[in-house]
Amino acid sequence: MIGVDEALERIKQHAKPRASQMIRAADALGSVLATDIKSDIDSPPHDKALMDGYAVVASDIKSGVELSILEEVTAGDVPTLPVVSGTATRIMTGAPLPDGADAVVMVERTELVDSDETTVRINADKADLGQNIMPRGESVRTGDVVLLAGRLIRPIEMGVLAECGATEVSTYPKPSVAILSTGNELVAPETRPQAGQIRNSNGPMLEALVQRTGSKAVHLGVGRDERDELERLVRRGLEEDVLVLSGGVSAGVLDLVPEVLAANGVEQVFHKVHLKPGKPVWFGIKKDSRGDRLVFGLPGNPVASLVCFELFVRPALASLAGQAFGSIERSTARLATTHSPYSDRPTYFPARLFELDGQLQVEPLAWKGSADLRTLADANCLALFPPSDSAFAPGDAIEVYLL
Ligand code: AMP
Ligand code: MG
């Protein structure tokens, strides 16, 4: 049986970004840039005032000096008169600086001398050259690369794209992910389960996980453990970039998922990984001219499904979307209590991470196993316990995966 690292290596080989496409910048939030972005203008586009006040000749300024006011320029206006020694232009934040001015004195350091506002007195000892002015192009020059290919577009990047005139951008398409829950026992959340039935918790959880990655979730509902029905749903799921199934990959008589996938041209890359929970996890690909379809068969138990999504599906979705093939955020913490899982497999254990005296501590929760989703809901991390036949002691360094 392969280990987690080997499984990730194999997934990575098949998770390549799809061909890039031009989209409107307005629709680009959450996408990854496929090309560098250059600015079509200088920013700021003119020397601009950073304060409301007076544009002056710096060498004029000493306490009590009086300057005659030429005009008033607000943001959006353009000055019409050059400032020369003995004069000043009243200027507002963001407005272009008049020719000849090389400093702005903030309004709080000035007072009007006369009621018709023709003369201003300066109450400052001096002005530094360039004070309260942002020179043209100080932030961005025309032709500068402002964002590199590979950059995830967050709200800040949306602002930069707008500033630099990039209204159409080349991005990697976000993957579409079909989600199919399998099992005769599954009923919808609004149904009270009858004898032998349980509610489908994986479906909503996996859909939410997919949506949180920024990918498009395609809901395929519940498939019965029955060949024809599963085949029909699998064929539908293979129209998307990724198909994520839950259930039906273990060794039970009705665990039909691997054979149904094989019958539909999906090649197995691995089945079973040395971890807990999640050992039965299945991964395969369907060759396709548009880019290989990836298929993940997650174990039915909800905690196993969650762990396998975080470990295996998440990095694949990131890579398809043009981001790094990265795991969820990890850290190292000190074990807060004694812990004795005694497993021969690496165990991803629901736990709580907290800070005590400036040190990260992790406390495993009273988890009842892979069907116990409720306890997982109280966790904020998974603590990774390596195989061990002895207990872990308080203070041991433990790797944690943040949820
Ligand atoms: P399986 O992997 O199909 O053998 O399922 C393993 C266990 O997970 C069984 O107890 C199932 O009832 C349970 N299970 C399977 N699918 C789901 C689901 N969608 N939601 C909640 N539990 C499930
Ligand atoms: Mg099943």
Side-chain angles (χ1 to χ4, degrees), residues 1 7 177-212 217-234 236-237 240 242-264 266 268 270-284 295-314 343 345 347-350 367-379 382 403:
M1 202 186 317
V177 184
I179 294 142
L180 174 58
S181 311
T182 74
N184 286 336
E185 73 278 36
L186 301 181
V187 296
E190 56 272 23
T191 305
R192 176 169 278 277
Q194 303 297 306
Q197 298 181 326
I198 61 164
R199 291 195 174 111
N200 172 17
S201 47
N202 287 343
M205 179 175 70
L206 291 168
E207 264 179 66
L209 284 163
V210 166
Q211 283 163 359
R212 269 284 170 87
V218 178
H219 171 81
L220 297 187
V222 171
R224 304 287 134 205
D225 294 314
E226 192 270 310
R227 266 185 200 81
D228 290 345
E229 176 162 327
L230 286 181
E231 287 215 9
R232 180 177 61 77
L233 289 165
V234 160
R236 170 65 191 87
E240 309 304 330
V242 180
L243 169 58
V244 174
L245 303 106
S246 85
V249 288
S250 305
V253 285
L254 286 183
D255 288 334
L256 304 173
V257 165
E259 60 184 86
V260 166
L261 291 171
N264 283 277
V266 183
Q268 178 181 312
F270 62 75
H271 188 190
K272 295 196 171 74
V273 175
H274 194 59
L275 88 160
K276 186 179 168 181
K279 180 170 123 185
V281 63
W282 192 101
F283 173 67
V295 181
F296 293 89
L298 308 184
N301 269 312
V303 183
S305 260
L306 180 285
V307 167
C308 289
F309 183 95
E310 294 294 9
L311 289 181
F312 304 121
V313 184
R314 182 182 293 281
S343 176
R345 279 177 279 153
T347 303
Y348 295 78
F349 206 99
W367 179 49
K368 320 295 186 308
S370 49
D372 180 15
L373 188 59
R374 182 258 176 105
T375 299
L376 180 64
D378 291 333
L382 298 166
L403 292 175

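Counting starts at 1 for both ligands and their atoms, following the listed order.
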Can you list the ligand 1 atoms lying under 4.0 Å from a non-hydrogen atom of Asn200? 18 (C), 19 (N), 20 (N)

For the side chain of Thr182 and the backbone of Ser246, is there at least one donor-acceptor N/O pair under 3.5 Å apart? yes

Of all the atoms in ligand 1, which lie at a distance below 4.0 Å from a heavy atom belonging to Arg199? 20 (N), 21 (C)

for atom 18 (C) of ligand 1, nearest protein heavy atom and its distance come out as Asn202 ND2, 3.2 Å

Report the part of Leu186 in contact with ligand 1, treating N, CA, C, O as backbone and CB onward as side chain, heavy atoms under 4.0 Å; options are side chain, backbone, both, neither. side chain

Considering only heavy atoms, does Ser246 approach ligand 1 within less than 4.0 Å through its side chain, its backbone, both, or neither? side chain

Any sub-3.5 Å donor-acceptor pair from Arg224's side-chain atoms to Asn184's backbone N or O? yes

For ligand 1, which atoms, with element, lie under 4.0 Å from some heavy atom of Gly248? 1 (P), 2 (O), 3 (O)

Minimal non-hydrogen separation, Val222 against Leu233, with atom names: O-CD1, 4.1 Å

Below 4.5 Å, heavy atoms only, C-beta onward: do Leu245 and Val234 meet side chain to side chain? yes

Check each of Ser305, Ser201, Ser181 against atom 21 (C) of ligand 1 and report the one with the nearest heavy atom. Ser201

Return the minimal non-hydrogen interatomic distance between Pro258 and His271, and the atom names on each side. CG-CE1, 4.1 Å

Spacing of Leu206 atom CG and Phe296 atom CZ [to the nearest 0.5 Å]: 12.0 Å

If the test is side chain to side chain contact (heavy atoms under 4.5 Å, CB included), which one of Asp255, Val266, Leu298 qualifies with Trp282? Val266

Please state which part of Pro280 comes within less than 4.0 Å of ligand 1, counting heavy atoms only: side chain, backbone, both or neither. neither

of all protein heavy atoms, closest to atom 22 (N) of ligand 1 is Ile198 CD1, 3.2 Å

Among Ala371, Gly196, Gly300, which one puts a heavy atom closest to atom 23 (C) of ligand 1? Gly300

For ligand 1, the portion of Ser250 having any non-hydrogen atom under 4.0 Å away: side chain

Using modelled atom types and a 3.5 Å cut-off, is there a donor and acceptor pairing between side-chain atoms of Asp372 and backbone atoms of Thr375? yes

I need the nearest protein heavy-atom contact for atom 11 (C) of ligand 1: residue, atom name and distance, please. Glu185 OE2, 3.0 Å

Rounded to the nearest 0.5 Å, the CG atom of Leu254 sits from the CZ atom of Arg227 at a distance of 9.0 Å

Starting from atom 10 (O) of ligand 1, which protein heavy atom do you reach first, and at what distance in Å? Asn301 OD1, 4.1 Å

Distance filter under 4.0 Å to Asp255 heavy atoms, resulting ligand 1 atoms: 3 (O), 4 (O)

Under a 4.0 angstrom heavy-atom cut-off, which atoms of ligand 1 come close to Pro302? 21 (C), 22 (N)

